[in-house]
Amino acid sequence: MTRRMLGSLGAVVAGAVMLAGVASAHITPPVVLMSDRDAVVALLAGAQRFFVREVRLSPAEQAVIKRQTGWTPDEDFYRFYLGRDGQGRLVAGTIFVTEFTIHGPVRVAVSLGPDGKVRGAAVVELTEETYPWVKPLIDLDFARDYAGQDSRGHFHLSDRLGSLEAMPQFYGQVISGLIQRAALLFELGVLRRGDAS
Amino acid sequence: MNGIYLSRLPWSGKVFCTLYLLGIGCGALAAFTQAATAIGLSPAEVQASLAPAMPMTHMSPGQMMGEKEITLGEISSAAKVWIRTPLLIQTSHTHLFGQTLIAGLLGLIFLFSSLREWAKALVLALPFVGTLVDIGGMWLTRFVWPGLSVLVIVGGSLFALGYALITVISLWQLWIGTVVRTSGIRGAGAPPSEASL
């Protein structure tokens with residue numbers, strides 16, 4: 001009797017441990033590579049004054065985004081950090097965009113110029129699991145391939161990256177998609193609504 | 001329970017329970033450190049990570065855009081994780097499964113301790129209740145009132161308290177305590193329970 005009960009107990013424990021393993025395997029802890037302030041300072045280099053602009057997207061603007069990128073904005077509230085020169089002219093704007101992948105969030109800061117073209121981008125947060133997949137891309141400074149493109153540009157991985165393994169390739173596409181979203185959000189939230197300067 | 005007590009487990013059972021309890025303890029310390037570095041341990045820090053994005057520009061409801069000049073000091077310099085709704089869903093899903101399974105295994109071991117029934121029930125309920133208060137607090141902070149972030153701290157503390165009590169009592173009874181008979185349950189015909197010294 002006792003042996004049978006101990007056997008049952010062992011089976012329950014083994015099953016629970018397996019379930020716990022499955023349940024906890026989805027998302028690993030966050031890895032924050034850069035604070036928001038550091039990202040804004042780096043990406044708005046050359047600006048002398050800093051502004052924050054917050055916008056709510058109208059349903060029409062959300063429809064434009066959906067039509068152009070296939071992505072439906074998960075929020076209607078977005079914040080841009082704008083850098084201006086001493087005369088108040090727009091130097092660049094930065095927005096933080098996030099994709100919630102099955103492996104956890106990937107958050108990217110993207111800087112855009114007054115012409116709506118990408119100036120630079122930096123991955124600021126991801127997860128322990130995704131970091132080894134994204135690190136080769138960061139080491140290759142892959143985001144510079146999108147500099148100079150606006151929201152209608154081609155956001156594909158360039159040939160100079162060589163043959164990437166499947167997961168870095170996947171996350172490269174995720175991040176390039178985020179950069180395109182940022183360009184579109186900047187166009188709608190800053191450029192089309194008029195520059196306050 | 002049913003004649004099986006921690007102090008009477010065979011060596012293999014004692015080694016299993018001990019290593020499991022110690023392993024969970026190490027995991028809990030790592031989780032605590034991770035929470036402290038990625039989010040913070042004060043209600044204000046939890047609130048900053050979980051509460052809905054508060055406009056920096058004092059946009060009124062219905063207002064589509066706001067802009068104001070800021071200093072770099074107003075941009076968060078701390079590299080903290082900002083938990084938005086999709087991440088909250090992911091976090092809830094993994095933590096509810098994971099923590100409940102951990103609480104279940106802790107409770108399973110603790111069922112074989114020789115405390116009085118009411119004390120056993122009280123202690124083994126703590127990790128379960130802590131998990132629900134912790135995760136529930138996250139949702140309430142985000143959608144009901146930011147001040148409820150204190151529930152996240154309380155829930156985590158309850159889980160930790162439950163783990164500590166279960167581990168100390170179980171290890172004591174596994175390796176040091178001896179079982180003596182007491183009359184823990186009142187009522188005619190009730191079987192005598194046993195308590196460990």
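These numbers come from a predicted model, not from an experiment. In the text below, chain A, chain B and the rest are named by the order of the sequence lines, each starting its count at 1.
Contacts of V40(A) with chain B are made by side-chain atoms alone, with heavy-atom separations under 4.5 Å and no backbone atom involved. There is no contact between L44(A) and chain B, counting heavy-atom distances below 4.5 Å. Contact of Q99(B) with chain A is not made at all, since no heavy-atom distance falls under 4.5 Å. Residue Y78(A): no heavy atom, backbone or side chain, is found under 4.5 Å from chain B.
No more than 12 heavy atoms of other residues, nucleotides or ligands shown are found within 6.0 angstrom of CG on D159(A). Within a 6.0 Å sphere centred on CH2 of W145(B), heavy atoms belonging to other residues, nucleotides or ligands number 12 at most. Under a cut-off of 6.0 angstrom, the local environment of NZ in K135(A) is sparse, with at most 12 non-hydrogen atoms contributed by other residues, nucleotides or ligands.
Taking the side chain as every heavy atom from C-beta outward, R56(A) and Q63(B) never approach each other to under 4.5 Å.
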Which is it for E67(B) and R84(A) under the salt bridge (charged side-chain N to carboxylate O under 4.0 Å, His left out) test, yes or no, and what are the steps along the way? CA-CA 13 Å; E67(B) 184 172 326; R84(A) 300 184 192 279; 2.6 Å; yes
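Here F51(A) contributes atom CZ and K68(B) contributes atom NZ; the two are 11.5 Å apart, rounded to the nearest 0.5 Å.
Hydrophobic clustering of Ile, Leu, Val, Met, Phe, Trp and Tyr side chains at less than 4.5 Å, counting indirect connections, unites V133(B) with L126(B). Hydrophobic clustering (side-chain heavy atoms under 4.5 Å, transitive across Ile, Leu, Val, Met, Phe, Trp, Tyr) keeps V118(A) apart from L43(A). Hydrophobic clustering places I135(B) together with F143(B) (ILVMFWY residues linked when any side-chain heavy atoms are closer than 4.5 Å, directly or through intermediates).
Across all non-hydrogen atoms, the minimal contact from G104(A) to Q90(B) is CA-OE1, 3.9 Å. Nearest heavy-atom pair across I70(B) and Y81(A) is CD1-CD2, 4.0 Å. Residue M64(B) comes nearest to R193(A) through the heavy atom pair O-NH1, 2.7 Å, listed as atom of the first residue, atom of the second, then distance.
Residue pairs meeting the side chain to side chain donor-acceptor pair (under 3.5 Å) criterion with at least one member in residues 24-33 of chain B, sequence neighbours excluded, do not occur.
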Which pairs of donor and acceptor atoms, one on a side chain in residues 150-158 of chain B, lie under 3.5 Å apart (sequence neighbours left out)?
from: S157(B); atom 1: OG; to: I153(B); atom 2: O; distance (Å): 2.8

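At least one donor-acceptor pair closer than 3.5 Å links the side chain of R37(A) to the backbone N or O of L72(B).
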